[in-house]
Amino acid sequence: MTQPNDYGFGEEAALLKEQARKFFADTLPVDALHALVADDPTPDRQPSGAWLEESWQAMVDLGWTMLSVPEAAGGLGLPVAAVAGLVEEQGKAAFPSPLLSTLCAGYVLGAAQAQAALDEIVAGTIATLAITNAQGSWQAGDSDVTYADGKLNGTASYVQDARRAQRFLVSANTGGGIGLFWIAADTAGVTVEADAIIDLTRDQGRLVLQDVAATPVTDNGLAALNQAMPAVWTLLAADMVGAGEWQLQTTVDYVTQRQQFDKPLGFFQAVKHPLVDVMLQIDEAKSLVYNAACAIDAEPEKAAQFAHMAKASASGMAGYASGRSVQCHGGIGFTWECYVHLYFKRQKHSQMLFGDGSWHRARLADILVGAAA
Amino acid sequence: MSESARKDTPEQAEFRQYCQNWLANNHPGEPPVRLSLSPLEIMTNDQLGYLQAWQKAAYDAGLVGCDYPEAVGGGGREDCQRVANEEMLRAKTPYLPNVIGLGMAAPTVFFHGQEALKERLLPRLFSGEDIWCQGFSEPGAGSDLASVQTFAEKKGDKWVINGHKVWTSLAHFAEWMIILLRTDKSHKYEGLSYFVVPIKSALGKGVTVRPLIKITGETGFNEVIFENLEIDDSHRLDQLGKGWQVAMTTLAHERGAGQMVTPRSGGLKSKATHASNSTNLIELARNTPRGDKTAADDPLVRDAMMKSVIREWGLAQNQRRSRVPALQDHPMRLPLQNKLLASEISQDIASLALDIEGPASSLYLGDPNAPDGGQWPMAYMNSYGMTIAAGTSEVQRNILGERVLNMPKSK
Ligand SMILES: Cc1cc2nc3c(=O)[nH]c(=O)nc-3n(C[C@H](O)[C@H](O)[C@H](O)COP(=O)(O)OP(=O)(O)OC[C@H]3O[C@@H](n4cnc5c(N)ncnc54)[C@H](O)[C@@H]3O)c2cc1C
């Protein structure tokens, strides 16, 4: 299969992206975001996980939360590139919400053809993936949860939006392989322990399962995960591209306005050139995100390869852009009151989530070079 | 995805088919001589002769200059050069020798020259019969191009030129030069005017070309001395004092950010032409033993190679995205990155190749034990030509920071 020239990013996608930009900017401008999530600076604070819960219904009404549901399963059938545009805008606003988690769960459920669960997503249920073990392995199928005698036991770690989710899509060892389970948060035996995370715009926790009665939505969870993870990596990378763009523009504005040695800081090449490098890295990641998004729809045999590229690139960029954003702001950039830290923390969180740069490059090498001897 | 998988207009689709048919029957075959890595290191008449014959054949067949009007020797097509380039690359044809002519002189003459001049010069430029060179840099004017001093003095309806150009690629083969000259010493920018000047026909009559030897030991660029060279005013492009604006057209095309798509061919594999790309890099790693394994099994090498693969593919996708307006914030943001990224990526790839070769990277072309014939160390050295020429990487970063990000000028 071949990709369309424009990544499948047509008029509808452009309208969605613009609608999203406006929604996030109107709903939670950065000063309001700071007021909402950054009320407690103490290093040993308990996680607040604050978000605008009423924004969820608004996004459901806009149809956004079901964008990953396949058309045949009752979804809207928009190209992944369009969804990437929406998520890029979410990242630009550092918007705290379980939107991405729900979209990711939708992709895995779609791959598993789990119609009943997909119906719930279409109805506006908040969902998330619980597929990571205590080591933080990003290898699909590395789960600390086991399934035996109709019961789930064990803990899923690094679960995004753990306290916000109404449903968890849990991967578990079934003895014969990896099963996927659709678990309601209020089921007996389910506990969520919030992680005290650094990122103020995210929510994360451990999902503890004790004798939770369940039946798998699929026994071949590995196949569904392998099919859907490229979308997960790509959309997270899209969020990072958006956040990177905010970091770049905000820092460029600052160095253009702030004067030292009788010159705006941006006059000095030790400031200017690294910010150009931030732009180069954002553009590389962005191009790779839309290429990967397009591949998921139009060139699925290459989707994993291209999504590894996108997330590896975005991870490198996120680290660099974050470092430069603080450094180029000087002392003020090192304070809690300057908004730069919100994005710094979101980017550092995203950088490792679902595989850091070297993990994705190692997987890419397995594809392009072959497994190492 | 191959580039050509993008959807064609009906004209492009038909033309693509035509190109494919023609190339299937007209590939020039293995070169009878060792070719240099790029046209900028062509050293002998044998090399040039083979390449000129190829360019002429491709031009006569309509694969070169496709988007220029027929009146100036072009093909009169719409956005078809891209298609011809893709098909030539796919067919792995040799590169076109008249790179400066096609990439810089043609669009500059086309956008700024008088009709008669275009009709006279462009057909032989496209065919490669006339090789062109670019006389911008001088001993005192490199990155600060606008400080050129080579002077043109008006005498009647003639101009008399005196001065010194350097690093002039291909001048030793060139019939013509595009040249930035000072016509007024009292204004830095408005004192510049732009001309085309004959070189070969004026050798010994006001023009001297002296080859300079590059870091690799190759020749390819020169210094060019003008002593009372007389030219007619009809050789001027655009108005007097508009030289800087005309030069911007040249530079935009040189950096891959111009209006016209440069005719490009390449990919011919011969043992001496060896592009610094990640495909060749991975091949090298696979062929480099490390104990009972190969360098391609080493996790550090794999990581570094994948970084290059990702950057290379990112650049290809930038070029694709630059044609999707809805996914861009600033029209020049992606085009202005092209030259900087392409040169730095191939430099990093060549550098990594030397790491992979280890001590064998000390062996040069004359050593029978040199891996890949010693091409990687040569490519590594040559890569600095690319990060220096056509605006150094530092200058490119200034341009991006100032024109795209609107940061204050560094000057
Ligand atoms: C292989 C090759 C082929 C060439 N072919 C041609 C040709 O055909 N025609 C032609 O006219 N010219 C040609 N050139 C010349 C080329 O355009 C110049 O070398 C280039 O513009 C740099 O000028 P310079 O050599 O004077 O270096 P300088 O300008 O002296 O620069 C030296 C160093 O200082 C840095 N620097 C300079 N100014 C700044 C600044 N403002 N900010 C930060 N850093 C700065 C540069 O980046 C560089 O690292 C060629 C050069 C090479 C290497």
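Proteins get letters first, then strands, A, B, ... in listed order; numbering begins at 1 in each.
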Proximity breakdown for [X] and chain B, heavy-atom pairs closer than 4.5 Å:
X	value
A/Glu18	neither
A/Ala14	side chain
A/Ala371	backbone
A/Leu248	side chain
A/Glu11	neither

Within 6.0 angstrom of [X] [atom1], more than 12 heavy atoms from elsewhere:
X	atom1	result
B/Gln259	CD	no
B/Glu14	CD	no
A/Gln249	CD	yes
B/Gln20	CD	yes
B/Glu11	CD	yes

Choice from B/Val324, B/Ile282, B/Leu400, B/Asp303 maximising heavy atom contacts with chain A below 4.5 Å: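 Top count of heavy-atom pairs under 4.5 Å with chain A: B/Asp303.
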
Portion of [X] that has a non-hydrogen atom of chain A nearer than 4.5 angstrom:
X	result
B/Leu341	side chain
B/Asp292	neither
B/Arg286	side chain
B/Gln396	neither
B/Lys293	side chain

From [X] [atom1] over to [Y] [atom2], what is the distance, rounded to the nearest 0.5 angstrom?
X	Y	atom1	atom2	value
A/His273	B/Ser410	NE2	OG	5.5 Å
A/Thr256	B/Leu405	OG1	CG	8.5 Å
A/Asn5	B/Arg320	CG	CZ	7.0 Å
A/Leu288	B/Asn318	CG	CG	8.0 Å
B/Leu327	A/Lys286	CG	NZ	6.0 Å
A/His308	B/Met306	NE2	CE	11.5 Å

Evaluate the side-chain proximity of A/Val369 to B/Asp297: yes if any heavy-atom separation is below 4.5 Å, no if none is. no

Would you call A/Ile282 and B/Arg333 a side-chain contact if the rule is heavy atoms closer than 4.5 Å? yes

Side chain to side chain contact (heavy atoms under 4.5 Å, CB included) between A/Leu364 and B/Ile310, intermediate numbers included: CA-CA 9 Å; A/Leu364 181 64; B/Ile310 291 169; 3.7 Å; yes

B/Glu402/A/Lys272 under side chain to side chain contact (heavy atoms under 4.5 Å, CB included): CA gap, chis, key distance, verdict: CA-CA 9 Å; B/Glu402 291 157 20; A/Lys272 176 183 288 173; 2.5 Å; yes

Tightest non-hydrogen contact, residues A/Phe267 and B/Pro408, listed as N-CG, 3.5 Å

Under the 6.0 Å and 45° cation-pi test, does B/Arg321 pair with A/Tyr290? no

Among B/Gln337, B/Gln317, B/Gln328, which residue satisfies the side-chain hydrogen bond (donor to acceptor under 3.5 Å, both in side chains) criterion with A/Asp283? B/Gln337

Are A/Asp277 and B/Arg397 ion-paired here, with the side-chain N under 4.0 Å from a carboxylate O?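 Salt bridge flag = yes for B/Arg397 with A/Asp277.
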
Would you call B/Lys307 and A/Glu284 a salt bridge, using N to O less than 4.0 angstrom?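 The answer is no: the pair does not qualify as a salt bridge.
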
Verdict with reasoning, B/Asn398 to A/Val276, per side chain to side chain contact (heavy atoms under 4.5 Å, CB included): CA-CA 8 Å; B/Asn398 283 347; A/Val276 168; over 6 Å; no

Check the pair A/Asp6 / B/Arg323 against salt bridge (charged side-chain N to carboxylate O under 4.0 Å, His left out), numbers first and verdict last. CA-CA 8 Å; A/Asp6 67 351; B/Arg323 298 195 283 275; over 6 Å; no

